[in-house]
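Step one of this worksheet: look at the structure below.
Only this structure's heavy atoms are used, side chains among them; waters, hydrogens and symmetry mates stay out.
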Amino acid sequence: MRLPEFSVKRPVTVTMLILIVVVLGIISLMRLGIELMPDISYPVVSTIISYEGASPEDIENLITKPVEGAIASVKGIKKITSTSIEGTAAIMAEFNWGTNLDFAAQDIRERIEMIRDFLPQDMKRPLIMKFDISMMPVLAYGITSERSPRDLRTFVEDNIKDRLEQIDGVASCTVMGGEEREIQVRVSRQKLASFGLSLQQVVGALRFENVNISGGHVKEGYTEYLVRTLGEFKSLDEISSIVVGNRMGTPVYLRDVAEVYDTHKEKRAGSYTNSKSSVLIMVSKSSGENTVTVADRVKRAIAEMAPNLPPDIEFHEALDQSRLTRQVVGSTVKDALFGAILAVIILLVFLRSLRPTLVIALSIPLSIIATFIPIYFLGYTLNIMTLVGLALGAGLLISNAIIAIENIFRYMEDGHDRITSSIEGVSEVSMAITASTLTTMIVFLPLIYIPGITGKISRGLALTVASALFMSLLVTLTLVPMLASRIFRRVRQGTKEHVLYATERHFQKAVVIYEKVLKWCLRNKKKVLAIVFGLFALSAAAIFIMDREFIPESDMDIVILKVSLPVGTPLEETRHYVKQIEAIAQSLNDVETVVSFIGVEETTKMG
């Protein structure tokens with residue numbers, strides 16, 4: 001039994017199958033992530049090595065060059081880029097697209113371990129990480145307060161950072177700016193000499209005293225207890241009271257040779273929000289999570305904790321990727337819906353009948369809803385590329401239904417009943433419709449094989465269009481004949497039901513004009529060919545004149561400025577120049593928040 005025949009003779013079965021597809025499509029839509037762009041993992045592995053106190057020249061000679069030489073032999077490397085700054089070396093290895101980055105990162109780790117003995121012993125363990133676009137923060141806030149920068153950072157880390165990291169979908173929260181707490185032991189050289197001690201003895205005593213050590217197990221009856229000796233410092237007095245040496249049988253305490261201060265680390269960076277000292281907190285989502293959903297959860301959590309925070313704590317939004325995502329996705333969806341509505345209106349004008357227009361109007365949303373199923377199971381998200389694919393597919397899928405309906409009407413005009421017309425009309429053109437649909441699908445499928453980042457971006461578009469066309473083919477061969485056999489009627493001009501036939505004379509005028517143009521073209525073949533080739537040449541020439549760009553410019557509601565000053569410029573001088581830029585930005589009427597970050601701290605070295 002042919003598919004159109006089965007659909008007409010088994011309407012209940014077909015209806016149930018369509019409802020199942022609709023339910024699955026809606027569930028898939030609800031579970032699809034919403035992103036601005038497709039999920040792209042760039043083939044880049046970064047190696048960050050910290051060596052505190054070393055100059056950029058020493059970093060380059062002692063760390064950067066040896067590491068570059070070691071990882072240059074890793075298979076698949078396309079380019080190596082390195083940056084040496086004070087205390088940090090950053091080496092980025094770019095691989096060919098398609099390289100397994102898990103294996104590549106492991107190879108880099110092994111190469112560095114082979115030359116570990118030739119690198120400075122005091123450097124920190126290398127941090128090797130893959131670049132993932134999901135690591136970019138989805139939200140950033142500048143937090144201001146009346147309290148000191150140190151107290152503000154401590155409060156944010158203890159009360160806000162931990163709370164936000166507990167939210168489902170949040171990978172990490174990075175705190176920048178403010179002042180970090182540091183316990184400083186300022187040793188007096190003269191006092192050390194008077195007691196006959198060395199600085200290494202003081203350092204060793206501090207290192208070995210500030211530990212918790214396991215003391216084994218103790219059994220008492222049927223219970224076993226874990227014994228631990230607690231030695232970590234809890235107060236400045238405990239630090240001052242440790243024994244650092246012995247002189248003539250008398251213990252020498254740390255307070256005898258040094259002073260202990262509860263202060264903050266040396267300030268090498270600073271953050272400011274609307275010209276006030278602040279702390280920046282940046283929220284990154286987990287890989288594969290929905291940007292809009294995670295951002296909404298974070299905003300909801302901040303709103304819930306706001307009443308319990310001190311009144312001087314203020315949040316200033318500095319970055320919100322979900323806002324741009326909503327704007328772009330919402331605009332694309334609105335344009336797609338507007339296009340579908342226009343298509344239905346145009347069909348109504350040309351078909352001049354409500355019933356076939358209604359069938360086509362139903363086939364468009366059903367095909368799109370069904371397309372969400374393969375999009376979900378193929379692991380894609382609703383982003384600008386898949387939505388453009390849906391919008392493009394919505395225009396292409398109408399043609400199948402129009403061809404089927406036109407042939408059904410032809411059978412009805414020949415005197416056949418609507419059931420026979422629906423079966424034979426769709427069956428007759430089913431092979432032609434299938435061939436046409438497959439041909440259009442083949443045009444888009446080669447986009448899947450484009451290498452590099454272009455292929456990563458266009459793959460979702462190609463698969464979405466191909467899926468939409470395939471779903472439209474199924475709808476045309478099942479839903480269209482079933483509905484036609486139930487609601488179509490033979491068209492007779494002049495009946496009240498077909499009042500749109502009053503526009504027939506306007507279409508007749510258009511037909512007369514078309515006939516005249518067609519006759520002129522047949523009489524002047526050389527001129528027509530000359531015009532066609534001329535237009536083709538102009539179109540080909542326009543390709544070389546038009547500007548080229550990877551992604552069209554978008555109107556974002558954020559402006560990022562980077563200010564570079566000569567090497568060696570003090571932090572205070574940098575703040576002086578940045579403050580002037582802040583004043584200019586704040587004087588503009590449309591500016592809501594101005595956030596600045598100057599200097600370099602540990603978290604920015606990895607960015």
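The existence of a salt bridge linking D151 and R181 is excluded, since no basic side-chain nitrogen approaches an acidic carboxylate oxygen closer than 4.0 Å. Between R111 and E68 there is no salt bridge, since no side-chain N of the basic residue sits under 4.0 Å from a carboxylate O of the acidic one. Taking 4.0 Å as the cut-off between side-chain N and carboxylate O, K265 and E179 do not count as a salt-bridged pair. A salt bridge is absent between E113 and R109: the closest approach of a Lys/Arg side-chain nitrogen to an acidic carboxylate oxygen does not fall below 4.0 angstrom. Using a 4.0 Å cut-off between a side-chain N of Lys or Arg and a carboxylate O of Asp or Glu, R255 and D237 do not qualify as a salt bridge. Using a 4.0 Å cut-off between a side-chain N of Lys or Arg and a carboxylate O of Asp or Glu, D107 and K75 do not qualify as a salt bridge. E157 has a carboxylate O that lies under 4.0 Å from a charged side-chain N of R153, or vice versa, which qualifies the two as a salt bridge.
Residue-environment remark: CD (Q580) exceeds the threshold of 12 foreign heavy atoms within 6.0 Å. Within a 6.0 Å sphere centred on CD1 of I560, heavy atoms belonging to other residues, nucleotides or ligands number 12 at most. Shown here is E146, whose CD atom has no more than 12 heavy atoms of other residues, nucleotides or ligands within 6.0 Å.
Distance alone, capped at 3.5 Å, places no donor-acceptor pair between the E209 side chain and the A205 backbone. Using a distance-only test at 3.5 Å, with no hydrogens or angles considered, no donor-acceptor pair links the side chain of E259 to the main chain of R186. Listed for the T574 side chain is a donor-acceptor partner under 3.5 Å among the backbone atoms of P570. Put simply, the side chain of T99 never gets that close to the backbone of L101: no donor and acceptor are under 3.5 Å apart. Proximity of a side-chain donor or acceptor of N274 to a complementary backbone N or O of V594 within less than 3.5 Å is detected. Checking side-chain atoms of Q321 against main-chain N and O of P137 turns up a donor-acceptor pair under 3.5 Å. Under a 3.5 Å cut-off, the side chain of T569 and the backbone N or O of L565 do not form any donor-acceptor pair.
The distance from the CD1 atom of I239 to the CG atom of L206 is 7.5 Å, given to the nearest 0.5 Å. Put simply, CG on L378 and CD1 on I373 are 11.5 Å apart, with the number rounded to the nearest 0.5 Å. Here the straight-line distance linking atom CD1 of I183 with atom OG of S235 works out to 10.0 Å at 0.5 Å rounding. Atom CD in E165 sits 8.0 Å away from atom OG1 in T174 (nearest 0.5 Å). The line from CD1 of I281 to CZ of F315 is 7.0 Å long, rounded to the nearest 0.5 Å. Here the straight-line distance linking atom CD1 of I128 with atom CD of E110 works out to 10.0 Å at 0.5 Å rounding.
L319 places none of its side-chain heavy atoms less than 4.5 Å from the side chain of L139. Between I49 and L127, every side-chain heavy-atom pair lies at or beyond the 4.5 Å cut-off. Looking at I143 and S278, their side chains never come closer than 4.5 Å, going by heavy atoms from C-beta outward. Using a 4.5 Å heavy-atom threshold, the side chains of D102 and Q106 count as separate. With contacts defined as side-chain heavy-atom distances shorter than 4.5 Å, the pair V294/V170 qualifies. No side-chain heavy atom of R116 sits under 4.5 Å from any side-chain heavy atom of R125. Annotation: side chain of I313 is not in contact with side chain of N159 (no heavy-atom distance under 4.5 Å). Contact annotation: the side chain of K276 never approaches that of T273 to less than 4.5 Å [non-hydrogen atoms, C-beta and beyond].
Counted by atom type alone, S467 and T371 present zero donor-acceptor pairs between their side chains at under 3.5 Å. Between S596 and E582, the side chains place a donor N or O and an acceptor N or O closer than 3.5 Å (distance only, hydrogens not considered). S275 and Q586 form a side-chain donor-acceptor contact under 3.5 Å, judged by distance and modelled atom types alone. Counted by atom type alone, N383 and T381 present one or more donor-acceptor pairs between their side chains at under 3.5 Å.
Minimum interatomic distance between P126 and I112 (heavy atoms only, all atoms of both residues): CG-CG2, 3.9 Å. Annotation for G25 and F372: closest pair O-CB, 3.7 Å, computed over non-hydrogen atoms. Residues S241 and Y253 share a closest heavy-atom pair of O-CD2, 3.2 Å. In this structure, I167 and A301 approach most closely via the heavy-atom pair CD1-CB, 3.5 Å. Closest approach of I63 to A89, counting heavy atoms only: CG2-CB, 3.9 Å. Minimum heavy-atom separation, N61 to P66: O-CD, 3.6 Å.
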For a salt bridge (Lys or Arg N to Asp or Glu O under 4.0 Å) check, start with the C-alpha distance between E304 and R300, then their side-chain angles and the critical distance, and finish with the verdict.
CA-CA 6 Å; E304 291 173 355; R300 193 180 307 117; 5.5 Å; no
side-chain contact (heavy atoms from CB on, under 4.5 Å) between H316 and Y141, worked out
CA-CA 5 Å; H316 303 270; Y141 288 94; over 6 Å; no
Is there a side-chain contact (heavy atoms from CB on, under 4.5 Å) between R326 and V292 once you walk through the steps?
CA-CA 8 Å; R326 279 194 179 93; V292 175; 3.2 Å; yes
List the steps, then state whether side-chain contact (heavy atoms from CB on, under 4.5 Å) holds for I59 with I85.
CA-CA 7 Å; I59 291 290; I85 61 175; over 6 Å; no
Evaluate the criterion side-chain hydrogen bond (donor to acceptor under 3.5 Å, both in side chains) for residue pair T64 and S84; output intermediate values, then yes/no.
CA-CA 7 Å; T64 304; S84 301; 2.7 Å; yes
Test log, rule salt bridge (Lys or Arg N to Asp or Glu O under 4.0 Å), inputs E317 and R323
CA-CA 11 Å; E317 186 180 287; R323 184 189 303 175; 2.3 Å; yes
Apply the test side-chain contact (heavy atoms from CB on, under 4.5 Å) to residues R575 and L571: give CA-CA distance (whole Å), side-chain angles for both, the deciding distance (0.1 Å), then the verdict.
CA-CA 6 Å; R575 174 58 188 156; L571 192 66; 5.9 Å; no
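For residues 564-587, the set of pairs meeting the ring pair (Phe, Tyr, Trp, His ring centres under 6.0 Å) definition, not counting sequence neighbours, is empty.
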